[in-house]
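The structure under discussion is supplied below as C-alpha cells; questions concerning it will follow.
The first residue of the sequence shown is numbered 1, and numbering continues consecutively from there. One-based numbering, in listed order, for ligands and for the atoms of each.
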Amino acid sequence: MKPISLTRFLIEEQREKGQIAPDLRLLIEVVARACKAISIQIGKGALGNVLGNAGAVNVQGEAQKKLDVLSNEILLDANEWGGHLAAIASEEMDDPHLIPHRFPKGNYLLVFDPLDGSSNIDVNVSVGTIFSVLKCPDGVTDPGADDFLQPGTQQVAAGYTVYGPSTVLVLTLGDGVHQFTLDREIGSFVLTQSDLRIPADTAEFAINMSNQRHWEAPVQRYVGELVAGKTGPRKKDFNMRWVASMVADVHRILTRGGIFMYPVDAKCRDKGGRLRLLYEANPMAFIVEQAGGAATDGLGRLLEVQPRGLHQRVPVFLGSKNEVERVTGYHREAIA
Ligand code: F6P
C-alpha cells in the first residue's frame with residue numbers, strides 16, 4: 001500500500017468521514033508545518049547556535065531556552081496569517097496573542113507548549129511540542145484569556161510532536177489517535193500507525209522519584225506498592241522510566257502502556273501542581289482517553305476540570321486505565 005501523508009489523511013477525514021471542517025484541516029496542517037521547522041532547528045543542535053539560555057524568564061518563572069523562544073516564534077508566524085484562528089495562547093506568553101487586524105480571523109483558538117521538556121534540549125534528549133484546539137465562543141471577535149478557559153471536553157483536536165531519533169506527530173480529532181512519522185527526505189509526515197491503543201494493564205510507571213518525601217499519602221501508598229514488587233501487595237514487579245519530557249514519557253505509554261504521574265506535592269502545592277492544564281494536561285488527557293486510557297487529577301477526570309487561568313497547573317495521572325483508576329481510588333479513599 002502507498003504511504004498516506006498527513007495531508008491526504010486530513011483531506012479524507014474532511015471529505016469522506018465529515019469528521020473535520022476545512023478550516024480545522026488547514027489549522028492542523030499549519031501546526032504540522034511549523035513542527036517540521038522546529039524539528040529542523042532542533043536537529044542542528046550546536047551547529048545552529050540554538051542551544052543554551054535566551055537570557056529571559058517566562059510567565060512561569062522559568063529561564064527561557066533559545067529554542068523555547070524560537071519554537072514559539074515559528075508557531076506564531078506560521079499560524080497568524082492563514083485565517084483559521086481567532087487567537088493563540090502559549091506557555092511562553094503571559095497573555096493570548098491576537099490575530100493582527102491585517103489578517104482575516106477564524107473560529108478556532110490554538111494553545112500550545114512550543115517546546116516541552118526544555119531541560120533536555122542541551123543534553124540531546126527528546127523534547128516535543130504539545131497543542132490543543134478549541135472553538136472560539138460564538139459572537140466573540142477579540143478573544144481574551146477568559147475565552148480559552150474551557151474544560152478539556154471542549155477540545156476539537158489535540159496533538160504532540162516528539163523530536164526524538166525520529167520526529168513523530170501524534171494526533172486526535174476526537175476519533176481515535178493516529179501517528180505520523182516525518183519523512184525527512186520528502187519533508188512530509190506519513191501515517192505510520194492508526195488507532196493507537198493503550199493496554200489497560202501495565203508493569204511500568206513514570207514519576208520523579210526524587211520528590212518522594214514531598215508526596216501526599218495516596219501517592220506514597222500507590223508508588224510504595226509498585227516499588228515493593230513481587231513481595232508486596234501487588235505481587236508483581238514494576239519497572240520505572242522517567243525521561244523528564246512529558247511528550248516522551250506519554251509517547252512511550254501510548255506505544256506500550258504505563259502510568260505517568262506528576263502529583264501535587266509539598267513543593268508545588270501553592271501552585272496547584274507542576275504541569276499546566278490547558279497546554280499539557282488537557283491535550284494529553286484527550287489523546288490518552290481516545291486511545292482507551294484514563295487521565296485524572298487524582299480525584300476526577302482531567303478533561304472535566306473547569307480552568308480558572310490560562311497558565312493554571314494541575315496534578316496529573318494518566319495512562320493505562322486500571323492503574324490510573326487504582327491511584328485515583330486511593331485519593332478518593334483518603335478524603336472519604
Ligand atoms: O513542562 C514540564 C516538564 O518539563 C515536563 O515535560 C516533564 O514531565 C516535567 O516538567 C519534568 O519535571 P522534573 O523536572 O520534575 O523531572
Open item on the list: Once you restrict to heavy atoms under 4.0 Å, what part of L275 touches ligand 1? Side chain, backbone, both or neither.
Closed with: side chain
TODO: May I ask you to check whether N211 has an N/O atom sitting below 3.5 Å from an N/O atom of ligand 1?
DONE: no
Open item on the list: For atom 16 (O) of ligand 1, what is the closest protein heavy atom, and at what distance to 0.1 Å?
Closed with: W242 NE1, 3.0 Å
Task: Atoms of ligand 1, numbered as shown, that sit under 4.0 Å from any heavy atom of D116 - done: 1 (O), 5 (C), 6 (O)
Open item on the list: Checking a contact table here: which protein heavy atom is nearest atom 11 (C) of ligand 1, and how many Å away?
Closed with: A244 O, 3.8 Å
Open item on the list: So for ligand 1, is S118 a polar contact partner (N or O within less than 3.5 Å, distance only)?
Closed with: no
TODO: Could you tell me whether some N/O pair between M246 and ligand 1 is separated by less than 3.5 angstrom?
DONE: yes
- [ ] Give yes or no for whether the N/O distance cutoff of 3.5 Å, strictly under, is met between D113 and ligand 1.
- [x] no
Open item on the list: Could you tell me if K267 and N211 have a donor-acceptor pair between their side chains, going purely by distance under 3.5 Å?
Closed with: yes
Open item on the list: Closer than 4.0 Å to some heavy atom of G117 - which atoms of ligand 1 meet that?
Closed with: 4 (O), 6 (O)
Open item on the list: Just by distance, no angles: are the side chains of E304 and T153 close enough, under 3.5 Å, to form a donor-acceptor pair?
Closed with: no
TODO: Ignoring hydrogens and angles, state whether a donor on the side chain of S188 or S5 is under 3.5 Å from an acceptor on the partner side chain.
DONE: no
- [ ] Could you please spell out the steps behind the side chain to side chain contact (heavy atoms under 4.5 Å, CB included) verdict for R25 and Q19?
- [x] CA-CA 10 Å; R25 171 174 66 78; Q19 180 70 22; over 6 Å; no
TODO: Below 4.0 angstrom from a heavy atom of S245, which ligand 1 atoms are there? Numbered from 1 as shown, please.
DONE: 6 (O)
TODO: Within a distance under 4.0 Å of any heavy atom of Y262, pick out the atoms of ligand 1 and give their elements.
DONE: 12 (O), 13 (P), 15 (O)
Task: Modelled atom types, side-chain donor and acceptor of H331 and Y222, under 3.5 Å - done: no
Open item on the list: Could you tell me if Q155 and S132 have a donor-acceptor pair between their side chains, going purely by distance under 3.5 Å?
Closed with: yes
Task: Nearest protein heavy atom with distance in Å, relative to atom 10 (O) of ligand 1 - done: R274 NH2, 3.1 Å
Task: Aromatic ring proximity F260/W242, centre distance under 6.0 Å - done: yes
Task: K236 vs E225, salt bridge (charged side-chain N to carboxylate O under 4.0 Å, His left out): CA-CA, chis, key distance, verdict - done: CA-CA 10 Å; K236 93 176 193 192; E225 289 180 1; over 6 Å; no
Task: Where ligand 1 meets R276 - atom numbers and elements under 4.0 angstrom, heavy-atom basis - done: 1 (O), 2 (C)
Open item on the list: Taking a cutoff of less than 4.0 Å between a non-hydrogen atom of the residue and any ligand atom, is E280 in contact with ligand 1?
Closed with: yes
- [ ] Name the closest protein heavy atom to atom 13 (P) of ligand 1, giving the residue it belongs to and the distance to 0.1 Å.
- [x] N208 ND2, 3.5 Å
- [ ] Tell me yes or no: between the side chains of Q193 and H178, is some donor less than 3.5 Å from an acceptor?
- [x] no
- [ ] Please assess Y160 against D116 for the test side chain to side chain donor-acceptor pair (under 3.5 Å), listing each intermediate value before the final yes or no.
- [x] CA-CA 10 Å; Y160 65 79; D116 178 66; over 6 Å; no
